[in-house]
Amino acid sequence: MEYTYDDDLEELCPVCGDKVSGYHYGLLTCESCKGFFKRTVQNNKRYTCAENQECKIDKTQRKRCPFCRFQKCLNVGMRLEGNNNNNNNNNSS
DNA sequence: TTAGCCTTGAAC
DNA sequence: GTTCAAGGCTAA
């Protein structure tokens, strides 16, 4: 058995770093990001970053910066509707 | 407002 | 008929 989950594990959200529950919106994300992304996009939520929109999204700061969290969601390639955002991510099956 | 769990629908 | 994903609802 190899315990290589020390640096980065494939079973972690590329957004917040929580444990993924499965494929959501085209990416492996956690239930939190799923509900957050849905609530944000489906309700046309509008957040504002108090800094430079470059906050580091972690499991502790993700709740502090919903704007940067949502930004990262799109940055990793999440899409709710037929929104096709051109973004290339390194993901090989 | 965020996270989690449950239910329903679609695809295979 | 079964499996996976998305959506909805509830709880903290």
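Just so we're clear, the structure is a prediction, and the values are computed from it rather than from any experiment. Order of the sequence lines fixes the chain letters, A, B, ..., with proteins taken first and strands second; residue numbering starts at 1 for each chain.
- Contact check, Y25(A) against dG7(C): a side-chain N or O comes under 4.0 Å of OP1 or OP2.
- For an aromatic pair to be called close, the ring centres must be under 6.0 Å apart, and F70(A) with Y47(A) fails this.
- Dashed line: the shortest gap from a side-chain N or O of H24(A) to OP1 or OP2 of dA6(C) is under 4.0 Å.
- Put simply, K45(A) has a side-chain N or O that comes within less than 4.0 Å of OP1 or OP2 on dT1(B).
- Atom pair D18(A):CG and dC5(B):C1' shows a separation of 15 Å (rounding to whole Å applied).
- Residue R64(A) is out of contact with every strand shown, counting any heavy-atom pair closer than 4.0 Å.
- Of the possible donor and acceptor atoms, one in the side chain of N43(A) sits under 3.5 Å from a partner among the backbone N and O of R39(A).
- Contact of the E31(A) side chain with the K34(A) side chain is registered, since non-hydrogen atoms from C-beta on lie closer than 4.5 Å.
- Taking atom CZ of F36(A) as the reference point, atom C1' of dG7(C) lies 17 Å away to the nearest angstrom.
- Summarising the geometry, the separation between NZ on K34(A) and P on dC4(C) is reported as 16 Å, rounded to the nearest angstrom.
- Atom CZ of F37(A) and atom P of dG8(C) are 15 Å apart (whole Å).
- Proximity note for S32(A) (side chain, C-beta onward) versus dT2(B), dG7(C), dA3(B): the nearest is dA3(B).
- Between atom NE2 of residue H24(A) and atom SG of residue C13(A) there is a gap of 8.0 Å, rounded to the nearest 0.5 Å.
- Atom CG in L28(A) sits 11.5 Å away from atom SG in C33(A) (nearest 0.5 Å).
- For the pair Q42(A) and dA6(C), the criterion of a side-chain N or O lying under 4.0 Å from OP1 or OP2 is not met.
- Proximity of Q42(A) to L80(A): side-chain heavy atoms (C-beta onward) are separated by under 4.5 Å at one or more points.
- Straight-line distance from the NZ atom of K63(A) to the P atom of dA3(B): 5 Å, rounded to whole Å.
- A straight line from CD of E31(A) to C1' of dC4(C) spans 13 Å, rounded to a whole angstrom.
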N/O contacts under 3.5 Å, protein versus nucleotides 9-12 of chain C?
none

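- When the C1' atom of dT1(B) is taken as reference, atom CZ of R62(A) falls 12 Å away, rounded to whole Å.
- Per the geometry, CZ belonging to F70(A) stands 16 Å off C1' belonging to dT1(B), to the nearest Å.
- If you check every strand for non-hydrogen atoms under 4.0 Å, K59(A) touches nothing.
- At a threshold of 4.5 Å between non-hydrogen side-chain atoms, the residues R62(A) and S32(A) count as touching.
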